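Heads up: the structure comes next, in structure tokens.
Lettering follows sequence order; numbering is per chain, from 1. These figures come from a predicted structure and were not determined experimentally. These values consider heavy atoms only, across backbone and side chains, with no hydrogens, waters or symmetry-generated copies.
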Number of protein chains: 2
Amino acid sequence: MLDAVSLLNYKVNTVARSLKSKRTLSVGLIAPEIDNVFFMRVARGVEDRLGEEGYSMIVVNARESELREEAALELLLEKQVDGIIAIPSGSRGDHLALALQARVPLVLVDRLVENFTTDAVLVDNREATYRAITRLATGGHRSFGFIGGQPHIFTARERYQGFIQALRDQGIPPREEHLLFGDFHIESGYHLMKNLMEQPDPPRTVMIANYFMHIGVIRYISFQRGQIPPDLYLAAFDNMEFSAVSSVPSLSIAQPIDQIGRHAAERVLQRIQGDNENWPCIERLPTKEITYNDQHHHQP
Amino acid sequence: MLDAVSLLNYKVNTVARSLKSKRTLSVGLIAPEIDNVFFMRVARGVEDRLGEEGYSMIVVNARESELREEAALELLLEKQVDGIIAIPSGSRGDHLALALQARVPLVLVDRLVENFTTDAVLVDNREATYRAITRLATGGHRSFGFIGGQPHIFTARERYQGFIQALRDQGIPPREEHLLFGDFHIESGYHLMKNLMEQPDPPRTVMIANYFMHIGVIRYISFQRGQIPPDLYLAAFDNMEFSAVSSVPSLSIAQPIDQIGRHAAERVLQRIQGDNENWPCIERLPTKEITYNDQHHHQP
DNA sequence: CTGAAAGCGCTTACAG
DNA sequence: CTGAAAGCGCTTACAG
């Protein structure tokens, strides 16, 4: 029989199957930007884990718009996906309730939103930043600058809070002209670093709140060589392809990105199975600190 | 009526619709690696264009395996996708015939395969490399090294051929110890560059055949500063986030990545509409050369 | 254990 | 023009 089947080149029509079974074996993934290393790593983790269970992944780009995010959600619900994983585009989540109304499990990744709670997988940005800055301050760093993101972005907020709190607890007064905020993109990192370094008394240790601004900072440094303080030190959130490139000593806060994706997939699969134990479950995965070129740095 | 519909929160069930209409309004995207900037840019272009026509995109990771690629294809066909876009994982394409047998249009991206022909969208790697090297040679460069990929990869082959041909036509004999081949990943670029630079007579101009090996090269340089020839010059395929970071003057061959994705989507949509004009259509999009820090470089 | 029938939620061709 | 019926390709509950 199998032979006849394969000879006839028969393929089940999963559309018909889904109509009957009410399961499509597909999960939607919505993200604010899909050509972005961080997002892709998450997507890989998600696809990996889903694939193991026979599920496939429909990717929709919300292009940083809550409106498009809502449209994406509706599209996915019409497609009868069994679950949805979303990196939210904005800070509000009212429209996300659509998924739960349709009884489709929804898991958030990387960011939490206001007015709406559901399962989520992310890291503790505040705590991770706090620990890194505290470690540096304890190691003798005293002059800190900060290159952050806009406060309406959840991760930008948490990272800034951790930074400021660490300075306070270490008795280091933050200097306003050393606290700059950009848009989490490369150019912004470049210009804010330029701004910091051109100040009469630039900070010696600069914390950069995301990977893309970190790239911008590295780009600035690679053009300015010689004109930057010899004792410059960088700390940055995320650890990816380029985190190791900088010739300036640095500390990266590494998120377990693959794990974030896999855990989000795991969670959505669990909910699809109908297991609603301790919903909503906000899972914070541990970060790691990784240092580069650190060996010769002064320790008082 | 619309009010009643929206009040009742009614959503069409596209599964039922698809069963009847025989169209799922979905397209599969298969790639050898999904956490990869190049691939993501392509995916963005594809998603953009598909979204404009109401199609969505199912992403499957073949993880560089022709076997998994074939499984992905079967999965997508069972899901009744209306079309498929694939970046092939290997150099053989026999198994890809499955799609056409099932009368599902298939468009290849970035690479062509043996034993199988269908629509494709890519660049002319050979020609682009040839032009860049010829331009450099004409500008006075005489000592070339090459950091390439394995010959079973289509783009690696084309880029190497263009390089060698350009040297020949410029009367520059290639030196065997300056021609090295890696695996298109970061580490490989690092080590091959190290190998080149530690030779008694290192090449002054190094052509790097892909973006990830280029990152590895930049990483090596950023660690070795001072110990590299002052007249070192880099040429590299692809132009992305980090291409601009290098402090060494360089030339990037930029592929129109978004356009590649959009054109692939356009082609698959055309075939889905039933328009089979001039199939198979191999579309080669133009590349651009972009130079960095070039202004003070010697021109004889 | 086997095989015919009903039904999933749409669309479409057709009868009234 | 409107409304009931058939059918898309499966699965599943049921009759034989």
Side-chain angles (χ1 to χ4, degrees), chain A residues 1-28 50-58 60 70-84 97-106 268-269 271-275, chain B residues 1-28 50-58 60 70-84 97-106 268-269 271-275:
Chain A
M1 188 55 192
L2 261 178
D3 297 57
V5 161
S6 64
L7 279 173
L8 291 167
N9 221 343
Y10 170 81
K11 294 222 162 40
V12 269
N13 180 333
T14 62
V15 171
R17 173 178 290 174
S18 295
L19 182 59
K20 182 92 247 243
S21 68
K22 310 257 173 215
R23 305 184 313 151
T24 53
L25 295 180
S26 64
V27 165
L50 290 181
E52 291 167 9
E53 305 298 326
Y55 281 75
S56 44
M57 176 177 84
I58 301 178
V60 189
E70 181 170 355
L73 206 59
E74 281 172 345
L75 175 79
L76 291 170
L77 293 175
E78 287 182 352
K79 291 230 169 216
Q80 314 293 120
V81 293
D82 298 335
I84 295 175
L98 276 170
L100 302 190
Q101 272 166 239
R103 328 222 81 228
V104 173
L106 169 61
V268 89
L269 288 168
R271 299 313 185 200
I272 289 170
Q273 303 326 311
D275 175 357
Chain B
M1 188 58 190
L2 263 178
D3 296 58
V5 161
S6 62
L7 279 173
L8 291 166
N9 219 345
Y10 170 81
K11 293 222 162 40
V12 268
N13 180 331
T14 61
V15 171
R17 175 179 288 173
S18 294
L19 182 58
K20 182 94 249 242
S21 68
K22 310 259 175 210
R23 306 182 315 150
T24 53
L25 296 179
S26 64
V27 165
L50 289 181
E52 290 167 9
E53 305 297 326
Y55 282 75
S56 45
M57 176 176 85
I58 301 177
V60 188
E70 182 170 354
L73 206 59
E74 280 171 346
L75 175 78
L76 290 170
L77 294 174
E78 288 183 351
K79 291 232 169 215
Q80 314 293 120
V81 294
D82 297 335
I84 295 175
L98 276 170
L100 303 190
Q101 272 166 238
R103 329 222 80 228
V104 173
L106 169 60
V268 89
L269 288 168
R271 299 313 185 200
I272 288 170
Q273 303 325 313
D275 174 358

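If you take CZ of B/R17 and C1' of C/dC8, they are 16 Å apart, rounded to a whole angstrom. Rounded to whole angstrom, the span from the CG atom of B/L19 across to the C1' atom of C/dT12 amounts to 14 Å. To the nearest angstrom, P of C/dG9 lies 22 Å from CZ of B/R23. C/dC10 atom C1' lies 16 Å from atom CD of B/Q80, rounded to whole Å. Atom P of nucleotide C/dC8 and atom CG of A/N13 are separated by 18 Å, given to the nearest angstrom.
B/P105 and B/V268 make their closest contact through O-CG2, 4.0 Å (heavy atoms, listed as atom of the first residue, atom of the second, distance).
The structure places CG of B/L50 at 7.5 Å from CD1 of B/I272, a figure rounded to the nearest 0.5 Å. In this structure, OG on A/S18 lies 8.5 Å from CZ on A/R23, to the nearest 0.5 angstrom. With rounding to the nearest 0.5 Å, the separation of NZ in B/K22 from CG in A/N13 is 6.5 Å.
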What side-chain donor-acceptor pairs closer than 3.5 Å can you find for residues 76-83 of chain A, not counting sequence neighbours?
from  : atom 1 : to    : atom 2 : distance (Å)
A/K79 : NZ     : B/T24 : O      : 2.9
A/K79 : NZ     : B/L25 : O      : 3.1
A/K79 : NZ     : B/S56 : OG     : 3.1
A/D82 : OD1    : A/T24 : N      : 3.0
A/D82 : OD1    : A/T24 : OG1    : 3.4
A/D82 : OD2    : A/T24 : N      : 3.3
A/D82 : OD2    : A/L25 : N      : 2.7

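The phosphate of C/dG9 has OP1 or OP2 within less than 4.0 Å of a side-chain N or O from A/K22. Taking side-chain N and O atoms only, B/K20 has no distance below 4.0 Å to OP1 or OP2 of C/dC8. The phosphate of D/dC10 (OP1 or OP2) has a side-chain N or O of A/Y10 nearer than 4.0 angstrom.
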How does DNA chain C look in dot-bracket notation if pairs are Watson-Crick or G-U with both distances under 3.5 Å, crossing ones as [ ], other-strand ones as |?
-> |||.||||||||.|||
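The shortest side-chain heavy-atom distance between B/V27 and B/E53 does not fall under the 4.5 Å cut-off.
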